[in-house]
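All heavy atoms count here, side chains included; hydrogens, waters and symmetry mates do not. Quantities reported herein were computed from a predicted structural model and do not represent experimental measurements.
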Amino acid sequence: MEETDRKILTLLAADGRMSYTDLGKSTGLSTSAVHQRVKRLESRGLIKGYGATIDHEQIGRPLTAFISIRPIDPSEPDDSPQRLREIVEIESCWSVAGEESYILKIRVATPSDLEDLLARIRAAANVSTRTTIVLSTPYENRPVT
């Protein structure tokens with residue numbers, strides 16, 4: 001990847017609302033040249049979308065945890081992501097190598113909400129779980145450099 005494109009990606013990862021004018025000033029390109037490059041990065045799939053960074057504490061979900069799941073019966077179909085899709089507390093689902101099949105990143109309000117969520121996950125997907133509660137987050141979603 002060209003260095004200018006990498007710089008554009010870094011700037012947009014830090015501030016997805018940065019204007020083409022400001023991107024141009026930071027990269028030494030004209031506004032139209034930056035616009036063309038961003039559109040090309042989007043069409044190539046390097047930029048998948050733009051989003052807001054949410055303060056989960058302020059919206060009532062300060063507790064973050066990672067839940068590793070594995071099927072109770074490995075002979076059953078591997079459809080846990082589909083079975084869990086409607087559970088809104090699950091922020092992310094990653095397929096992983098190792099003893100577990102998937103790792104879920106969840107956000108809830110309280111430990112009792114986490115306990116309830118674990119029961120719902122186990123029942124919905126017929127899985128066993130292993131949970132790690134996040135104590136603090138020194139950094140998250142670091143931009144590419």
Side-chain angles (χ1 to χ4, degrees), residues 1-27 31 34-145:
M1 173 188 316
E2 188 180 323
E3 188 58 36
T4 303
D5 287 344
R6 185 175 301 281
K7 173 96 175 172
I8 290 169
L9 290 175
T10 300
L11 291 165
L12 287 174
D15 179 5
R17 296 181 72 183
M18 185 177 250
S19 70
Y20 294 127
T21 302
D22 290 339
L23 283 169
K25 288 176 184 173
S26 297
T27 59
T31 302
V34 167
H35 183 261
Q36 287 177 335
R37 282 182 182 254
V38 169
K39 292 300 175 197
R40 189 171 41 237
L41 292 167
E42 290 170 347
S43 69
R44 290 175 47 205
L46 288 160
I47 297 174
K48 292 186 173 191
Y50 301 88
T53 302
I54 306 298
D55 183 335
H56 294 281
E57 196 163 318
Q58 289 193 43
I59 64 167
R61 291 190 177 166
L63 195 155
T64 303
F66 293 97
I67 302 171
S68 301
I69 64 171
R70 69 175 165 192
I72 290 175
D73 182 357
S75 67
E76 291 291 314
D78 182 11
D79 61 353
S80 293
Q82 292 78 15
R83 290 177 174 216
L84 300 172
R85 185 173 306 279
E86 301 305 316
I87 298 177
V88 297
E89 295 91 343
I90 299 173
E91 183 176 296
S92 302
C93 175
W94 296 284
S95 175
V96 295
E99 287 188 35
E100 284 88 9
S101 300
Y102 297 93
I103 296 177
L104 312 173
K105 180 180 179 183
I106 65 92
R107 299 194 192 258
V108 293
T110 66
S112 65
D113 290 337
L114 175 58
E115 188 173 25
D116 174 64
L117 176 62
L118 288 168
R120 288 189 288 136
I121 288 170
R122 290 179 190 128
N126 195 30
V127 294
S128 63
T129 61
R130 185 172 56 88
T131 304
T132 303
I133 295 174
V134 175
L135 299 176
S136 69
T137 306
Y139 50 84
E140 183 177 31
N141 299 324
R142 293 168 60 170
V144 294
T145 56

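Side chains of N141 and T53 form no contact here, defined as non-hydrogen atoms less than 4.5 Å apart. Residues L11 and D22 form no side-chain contact, since every pair of their non-hydrogen atoms from C-beta on lies 4.5 Å or further apart. Within the 4.5 Å cutoff, side-chain heavy atoms of N126 are placed close to those of R83. With contacts defined as side-chain heavy-atom distances shorter than 4.5 Å, the pair T131/I106 does not qualify. Between R61 and V88 the shortest side-chain heavy-atom distance falls below 4.5 Å. Residues T64 and H56 are not in side-chain contact: their nearest non-hydrogen atoms beyond the backbone lie 4.5 Å or more apart. Taking the side chain as every heavy atom from C-beta outward, L84 and I69 approach each other to under 4.5 Å. L117 places a side-chain heavy atom less than 4.5 Å from the side chain of R120.
Side-chain N/O atoms of S112 and T110 include a donor and acceptor closer than 3.5 Å.
Put simply, CG on L46 and CZ on R37 are 12.5 Å apart, with the number rounded to the nearest 0.5 Å. Remark: I47 CD1 to L12 CG distance equals 5.0 Å, nearest 0.5 Å. The distance from the CZ atom of R122 to the CD1 atom of I67 is 8.5 Å, given to the nearest 0.5 Å. Interatomic distance, CG of L135 versus CG of L63, reported as 9.5 Å (0.5 Å rounding).
Shortest non-hydrogen contact noted between L104 and C93 is CD2-SG, 3.6 Å. In terms of heavy-atom proximity, V127 sits nearest to S80 at CG1-OG, 3.7 Å. Here the closest heavy-atom approach between residue Q82 and residue D78 is recorded as OE1-O, 4.3 Å. Taking all atoms of both residues into account, the shortest heavy-atom contact from S68 to I103 is OG-CG1, 3.8 Å. Nearest heavy-atom pair across T27 and K7 is CG2-CG, 3.7 Å.
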request  = Could you check I133 against L114 for side-chain contact (heavy atoms from CB on, under 4.5 Å), going step by step and ending with a plain yes or no?
outcome  = CA-CA 10 Å; I133 295 174; L114 175 58; 3.9 Å; yes

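The salt bridge (Lys or Arg N to Asp or Glu O under 4.0 Å) contacts involving residues 42-54 comprise K39-E42, where partners must be two or more places apart or lie in separate chains. Residue pairs that meet the ring pair (Phe, Tyr, Trp, His ring centres under 6.0 Å) test with at least one member in residues 76-112, sequence neighbours left out, do not exist here. Sorted by first then second residue, the salt bridge (Lys or Arg N to Asp or Glu O under 4.0 Å) pairs that include residues 94-112, not counting sequence neighbours, are R70-E99, E91-K105, E91-R107, E100-R130, K105-E140, R107-E140.
Although no hydrogens or angles enter the test, the distance criterion places no donor-acceptor pair under 3.5 Å between the side chain of S26 and the main chain of L23.
Sparse packing is recorded around CD of E86, with 12 or fewer heavy atoms of other residues, nucleotides or ligands lying under 6.0 Å away.
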